[in-house]
Engineer: 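Starting off with a structure, shown below.
Chain naming here is simple, since letters A, B, ... match the order of the sequence lines and numbering starts at 1 in each.
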Protein chains: 2
Amino acid sequence: MVSSSDPSASSARDRIRDSALERFGRDGVNRVTIRAIAADAGVSPALVIHHFGSKESLRKACDAHVVALIRGGDDAAPDLTAMLESATPVRRYLARALLDGTSDAAALFDEIVELTADWLADGEREGWVRHSEQPHARAALYVTWLLAPLAFDTHLARVLGVADPHGIDATLRFAPVALDVFTHGIFTSDRELEAWRAVGKEHGSP
Amino acid sequence: MVSSSDPSASSARDRIRDSALERFGRDGVNRVTIRAIAADAGVSPALVIHHFGSKESLRKACDAHVVALIRGGDDAAPDLTAMLESATPVRRYLARALLDGTSDAAALFDEIVELTADWLADGEREGWVRHSEQPHARAALYVTWLLAPLAFDTHLARVLGVADPHGIDATLRFAPVALDVFTHGIFTSDRELEAWRAVGKEHGSP
DNA sequence: CTGCGGACTGAACATCTGTTTAGCATGACG
DNA sequence: CGTCATGCTAAACAGATGTTCAGTCCGCAG
């Protein structure tokens, strides 16, 4: 039917991978069947195995594809910005992969934290980022906080009353809220912070 | 063997529920088999069904149990603090339930956001919380940020080099980092914030 | 044309897994 | 003592699911 000389149609292999990406990200790997992926891609379940060998290999291929997309074609620098600007299925897949704890995703997470730490260190040197006593921990926390809305997207959408939490409208509306906290904080005084520090000291030398 | 008159041993029903709670939270519902739960509890798979009817009912029983624990016995007020002070398996289960999107967890999430919004509103009135242009969105975001370290616990543990991310030591070490951001922010100027606002206006009236 | 290699499929296979069923032990109650 | 409910189990069942197998179709090199 679809000849290989037709440039408009993507190859069956790519369609399978894209369908898997979509479903894996939306429902989680274990809830997705090869038959469902095959149906989405319009092929037989056997072809999925023919091209990828196994479901696990297919998942790894999705990992690799997403990592390649986020790392970008030219430079080898992954970036949270690049990630957050990726297409919705890609973002959802990555968030899901991080939550499921695949090894490729773990490596990517580590890389992103490193780059974020460097970025914050630059900002600190240049004066637009505040000093931190634990810069590495802060970078890691910052990354998880940027990922949090991705992980809890359905809950945020419901609570905030938006239809598509990944849409540009929702992003433009709620990104300033996060940025406001990142810029001015939430609490006006050191009261809570000092309370925690006191607990820590009390616990450290009893 | 274990007679019902022995008060030291918990009932098989409770052991099944606790085993399920533990495994569901650690691995996710789909990856856990009834046989594994039964083995953990030291009973037969059939007894799991005998007591709970089905795997789905067992999951709902876990939901209800966790919700009851977090809501507390006396007052009907769930609280993020109560949740974060819960035992590790309970916390992990709730985080997993929120990520999997069960209906009970969704209701609990909504409740927690409401209470957090009230709490922040109180703080704003009393002067220890900064003003927000979107207080409800800020409350929701705040909740997801407190949940984020739970969701990405394995990655944080790896990156920060701690063995048990849920332990008291890790909490005492890293909670001040979060609180520092919540108190002082990360960025020193409104530059990033203004940039976003500009994008929003540009997008809003092209 | 002939043969070959790769894309592709329908059907079957093997296994895993939630659930059912029939039955066993034990203690309570008449 | 009989029997009846209850907690519990072993074994089997049924459906889903990842994977294999044998074979078809088709473009193409020789």
Engineer: C:dG18, D:dG18, D:dC8: which one has an atom nearest the side-chain heavy atoms of B:T33?
Structural biologist: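 So the side chain of B:T33 is nearest to C:dG18.
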Engineer: Here's a test of your reading of the structure: between A:A46 and B:P45, which maps to the more 5' nucleotide of DNA chain D?
Structural biologist: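 Closer to the 5' end of DNA chain D: B:P45.
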Engineer: Looking for any heavy atom pair under 4.0 Å, which part of the strands does A:V43 touch: base, sugar-phosphate only, or nothing?
Structural biologist: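 Sugar-phosphate only.
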Engineer: Looking only at the side chain of B:I34 (C-beta and beyond, no hydrogens), which of the listed nucleotides D:dC8, C:dT19, D:dT19 gets closest?
Structural biologist: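 Nearest listed nucleotide: C:dT19.
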Engineer: Determine: side-chain N/O of A:H50 to OP1/OP2 of C:dA7, distance under 4.0 Å, yes or no.
Structural biologist: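 Affirmative; the distance criterion is met.
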Engineer: Rounded to whole Å, how long is the line connecting atom CG of B:L47 with atom C1' of C:dC24?
Structural biologist: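 Those two atoms, CG and C1', are 14 Å apart.
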Engineer: Measure the distance from CZ on A:R31 to C1' on C:dG18 and round it to the nearest whole Å.
Structural biologist: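 For the pair A:R31 CZ and C:dG18 C1', the rounded distance is 17 Å.
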Engineer: Rounded to the nearest angstrom, tell me the gap between atom CD in B:E56 and atom P in C:dT17.
Structural biologist: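 It is 18 Å, rounded to the nearest whole Å.
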Engineer: As a test of reading the structure: which of D:dA10, D:dT19, C:dT17 is closest to the side chain of B:R35, going by heavy atoms?
Structural biologist: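 Of the candidates, C:dT17 comes closest.
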Engineer: Starting from C1' on D:dT19, measure out to CG on A:L58 and report it in whole angstrom.
Structural biologist: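 Roughly 14 Å, once rounded to whole Å.
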Engineer: Is the B:W145 ring parallel, tilted or perpendicular to the A:F182 ring (thresholds 30°, 60°)?
Structural biologist: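 Parallel.
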Engineer: Taking B:D153 as the fixed residue, which of B:R91, B:R92, B:H166 is the one that meets the side-chain hydrogen bond (donor to acceptor under 3.5 Å, both in side chains) rule?
Structural biologist: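 That would be B:H166.
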Engineer: How close or far is atom C1' of D:dT20 from atom CZ of A:F52, stated in whole angstroms?
Structural biologist: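 Interatomic distance, CZ of A:F52 to C1' of D:dT20: 18 Å.
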Engineer: Contact class for A:V48 (heavy atom, under 4.0 Å): base, sugar-phosphate, or nothing?
Structural biologist: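 If one applies the 4.0 Å heavy-atom cut-off, A:V48 turns out to touch nothing in the nucleic acid.
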Engineer: To the nearest Å, how far apart are B:N30 CG and D:dT17 P?
Structural biologist: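 Result: 11 Å.
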Engineer: Think B:R158 forms a cation-pi with B:F152, using NZ or CZ under 6.0 Å from the six-ring centre and within 45 degrees of its axis?
Structural biologist: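 Not satisfied by the 6.0 Å and 45° rule.
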Engineer: Taking B:R125 first and then B:D122, would you say they form a salt bridge - that is, a charged N and a carboxylate O separated by under 4.0 Å?
Structural biologist: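 Salt bridge: yes.
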Engineer: Choosing from C:dC8, C:dG18, D:dT19, which nucleotide comes nearest the side chain of A:I49?
Structural biologist: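 Nearest to the side chain of A:I49 among the choices is D:dT19.
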Engineer: In whole Å, what is the span from the NZ atom of B:K55 to the P atom of C:dC16?
Structural biologist: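 It is 15 Å, rounded to the nearest whole Å.
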Engineer: C:dC8, OP1 or OP2 - any side-chain N/O from A:H51 closer than 4.0 Å?
Structural biologist: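 So the side chain of A:H51 is within the cut-off, an N or O lying under 4.0 Å from OP1 or OP2 of C:dC8.
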Engineer: Write down the distance between CG (A:D14) and P (C:dA7), rounded to a whole number of angstrom.
Structural biologist: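 About 12 Å, once rounded to whole Å.
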Engineer: Should the pair B:R59 and B:F52 be classed as cation-pi, given the thresholds of under 6.0 Å to the six-membered ring centre and 45° from the axis?
Structural biologist: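 Judged by the rule, B:R59 and B:F52 form no cation-pi pair.
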